[in-house]
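Counting starts at 1 for both ligands and their atoms, in listed order.
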Amino acid sequence: MPSAQTAAERIAELRSEIDAHNYRYYVLDEPSVPDAEYDRLFNELKALEAEHPELVTPESPTQRVGGAALAAFGQVRHEVPMLSLGNAFDEQDLLDFDRRVRDGLDLPGGDLFSAGAEVEYSCEPKLDGLAVSLLYENGHLVRGATRGDGSTGEDISANVRTVRNIPLKLHGSGWPSVLEVRGEIYMPKAGFEALNARQVESGGKPFANPRNAAAGSLRQLDPKITAARPLELCAYGVGRSDGELPDTHVGILNALREWGLPISRELKLAKGVVECRAYYEAIGEKRDALAYEIDGVVFKVNSVAQQRELGFRAREPRWAIAHKFPAREEITELLGVEFQVGRTGAITPVARLKPVQVAGVTVSNATLHNMDEVARLGVMIGDTVIVRRAGDVIPQILGVIAERRPAHARPVHVPERCPVCGSAVERTQLIKRSKGRESVSEGSIYRCVGRLACQAQLKQAIIHFVSRRAMDIDGLGDKIVEQLVDRGLVGSPADLYCLSYEQIVELEGFADLSTRNLLDAIDASRKPTLARFIFALGIPDVGEETAKLLARALGSLDRIACALPDVLVYLPDVGLEVAHEIHSFFEDEHNRTVIAQLRERGVELQGEGELHPEFAACATLAGLLDKLNIPFIASTGAQRLAERFGSLDAIIAADWLDLRQVERLTEKAARSLRDYFDKSANAERARAIEAQLREFGMHWESERKSVEGLPLAGQTWVLTGTLDSMSRDDAKARLEALGAKVSGSVSAKTSVVVAGPGAGSKLTKANELGLTVLDEETFLRHLGQLQA
Ligand code: IVH
């Protein structure tokens, strides 16, 4: 702060700067500064206000955090009632609306020879949120209210003040001294997803949709809760006002925008109903890409004079209409839950619904993903549920209408036995490893343990095996696979390669030619690339990309099959979970047999080769240390350790003092490393990884400069006391340059001790052990000789 400037001046300056950035960001959608700069201004303002609490005003941008909680909301009467809109569900409804408007305005209608007079309409998306009224007096936001029943709403002033894009003070000039802005408060899709994730994480119930989330957030008595919710306003009109306003709706919205209020970026003018319909279609196309949910578009007669002429009917304006999109959410009854068995045995609950029309399609099934989702939704059979269908995605259950739960509702249970093969169903806890801690629970899945003995899994596995991106066996469609499995001709992918002409020709829909074609196709698939083959095996979580990566990096099936999970995680994008899936797939006896049979029956992998140099390059000692996830050892620390010790064994053997010699390795890190390798299981695991990497042909270059051939190679020196002619660090560097290791502690392994004045216990110990002890002078002479 320049010294001539007072705190009050700087505060005023910061506030107007922050307001201007907010305006550019929220209203103009043109952020003017990076977030970091914005944060800096904001924090400066917060700090100044903390120093000068007397200068805090309710309009300061820092006050969006929400004030004290209320006991109840007050009531607000809307002097100008908040109306609702009539709906058009199809083109005819829209044409009828336009006809009524033109009749009301006494405009000539069109006929076969002329288009008739066209009305100018404004077009806006219909946002799916909550209608609010914002009252500005002399440019200051003084009240915010919900719509309520249209004549009386609730006073939610404290809450609306926390909504970031609502100006607390109007910008510019020319606004009426009383101005009531109307608009929709909504929650953008991204904010909604993030909020729900947080809700679930903290053990709360997620919101069914952004609309409910917005409503729930605004109806909080504690404005601090509202402040933490990602709400936004979109202004779409004016209620009360005591001054001159532009004479068109679009003019009014543009004026609101000038005054700092956000309006829709999709606002357009249409001449006549045909252009309205085109707008409806265009926004419909864009619907999924919009950052917020909409349930239709709103058309309003643009001329305010014409609006007045048309007036109202009951509680709806005659000059506006909502053209709704087909609803994407409907309610229906959950009749039951069935369990499907997937390719990897995962048991997935599928909702059987009382058929309902959603966005033009009859929906009778919906996915429930997994049992965690069932628990999260708290859904019971017999419940009334909200189903959503958007685009091509499988319909989903969003939530339960708890009030409608019937007395006979029953909970959803996972079957104890696989519904297809009767094998046991096993629960697997999904784990996520995070640095330092072993594992964090991340939900669970249920799996049928029957593997290929389970017909459902077998069929899916074979369908996958023969698919185009896998072994690519042309002409082996799902129906044929089902027949092959049902007739007991195929019990594993390997059996495909011993199918006979007689067996195939017997199948439904086969004749001589088609049989020969299928046999040719099977034969042609015998030479897959390694990547295709790996993908075809259907290892859980191993998609095409991972398969390619494995093939490229490790080069051979044998290497992939024996790779330790800890080695697999060297591959980019392979996490520990996937690594374990791969490892246990190849550990499995049955899987090994099938692979052996495939090879016996003529499947020959193409292009097996060497370990990829990129993989070799990342398998360094530093990389290995880093991958062990030792607490407090980050990649730079790992790098220094590798440089200093040169081998895993040396690091495992290093004592605490040796470790403390490593440049900038903190005491915490050194202790943590020691503790880690003191556990023999850890040391063994690290050695196993190292051994496998070597076995794969990796001879990792020692990251330590080679000391071989240097005069002090193999010696360990200890420096103690002070040296006059050089610092201890210099002495150490010179010794290391000659190949010595410099240690912090004296032991029987110590070669030489250099003792300056002030040397204490180390010198005593050296003498006790009978080691060579040099004073500074002798040391220098020795160095001089060696370097000469
Ligand atoms: S105009 C007199 N414009 O839809 C006109 N409403 O069904 C009053 N809504 O309560 C509303 N987006 O909550 C208007 N661009 C928009 C809108 C919109 C959403 C909501 C609003 C209103 C309801 C009417």
Asks: Hey, which atoms in ligand 1 end up nearer than 4.0 Å to a heavy atom of Ala131?
Replies: 10 (O), 13 (O)

Asks: CD of Gln340: more than 12 outside heavy atoms within 6.0 angstrom?
Replies: no

Asks: Relative to each other, are the rings of Trp319 and Phe312 parallel, tilted or perpendicular (30° and 60° limits)?
Replies: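 Ring orientation of Trp319 relative to Phe312: perpendicular.
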
Asks: Among all protein heavy atoms, pick out the one at the shortest distance from atom 2 (C) of ligand 1; state its residue, atom name and that distance to 0.1 Å.
Replies: Pro317 CG, 3.6 Å

Asks: Which atom pairs, donor and acceptor, lie under 3.5 Å between side-chain atoms of residues 191-200 and protein residues at least two apart or in another chain?
Replies:
from: Asn196; atom 1: OD1; to: Phe207; atom 2: N; distance (Å): 2.8
from: Asn196; atom 1: ND2; to: Phe207; atom 2: O; distance (Å): 2.9
from: Gln199; atom 1: NE2; to: Lys205; atom 2: O; distance (Å): 3.1

Asks: Step by step, would you call Thr62 with Glu49 a side-chain hydrogen bond (donor to acceptor under 3.5 Å, both in side chains)?
Replies: CA-CA 9 Å; Thr62 57; Glu49 288 181 351; 2.5 Å; yes

Asks: Below the 3.5 angstrom mark, is there an N/O of Trp319, backbone or side chain, next to an N/O of ligand 1?
Replies: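 No, there is no polar N/O contact under 3.5 Å.
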
Asks: Provide, to 0.1 Å, the distance between atom 15 (N) of ligand 1 and the closest protein heavy atom, together with that atom's residue and name.
Replies: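 Result: Glu124 OE1, 2.8 Å.
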
Asks: Walk me through whether Glu293 and Asn209 qualify under side-chain hydrogen bond (donor to acceptor under 3.5 Å, both in side chains).
Replies: CA-CA 9 Å; Glu293 291 285 354; Asn209 53 41; over 6 Å; no

Asks: Compile the donor-acceptor pairs under 3.5 Å between side chains in residues 17-28 and protein atoms, sequence neighbours left out, one pair per line.
Replies:
from: His21; atom 1: ND1; to: Ser32; atom 2: OG; distance (Å): 2.9
from: Asn22; atom 1: OD1; to: Tyr38; atom 2: OH; distance (Å): 2.9
from: Tyr23; atom 1: OH; to: Arg257; atom 2: O; distance (Å): 2.8

Asks: Specify the protein heavy atom at minimum distance from atom 22 (C) of ligand 1: its residue, its atom name, and the distance to 0.1 Å.
Replies: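 Answer for atom 22 (C) of ligand 1: Tyr236 OH, 3.8 Å.
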
Asks: Tell me: protein heavy atom nearest atom 13 (O) of ligand 1, and distance?
Replies: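 Answer, as residue, atom name and distance: Glu184 OE1, 2.5 Å.
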
Asks: Is any side-chain heavy atom of Lys300 less than 4.5 Å from a side-chain heavy atom of Ser122?
Replies: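 SC-SC contact between Lys300 and Ser122 confirmed.
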
Asks: Could you tell me the residue and atom name of the protein heavy atom closest to atom 8 (C) of ligand 1, and the distance to it rounded to 0.1 Å?
Replies: Leu83 O, 3.9 Å

Asks: Does ligand 1 have an atom under 4.0 Å from some heavy atom of Pro125?
Replies: yes

Asks: Among all protein heavy atoms in this structure, tell me which lies nearest to atom 12 (N) of ligand 1, with the distance rounded to 0.1 Å.
Replies: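 In this structure, atom 12 (N) of ligand 1 has Leu127 N, 3.1 Å as its nearest protein heavy atom.
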
Asks: Among all protein heavy atoms, pick the one closest to atom 3 (N) of ligand 1 and tell me residue, atom and distance.
Replies: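 So the nearest neighbour among protein heavy atoms is Lys300 NZ, 3.0 Å.
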
Asks: Which heavy atom of the protein is the closest neighbour of atom 5 (C) of ligand 1, given with residue, atom name and distance?
Replies: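 Of every protein heavy atom, Leu85 CD2, 3.7 Å lies nearest to atom 5 (C) of ligand 1.
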
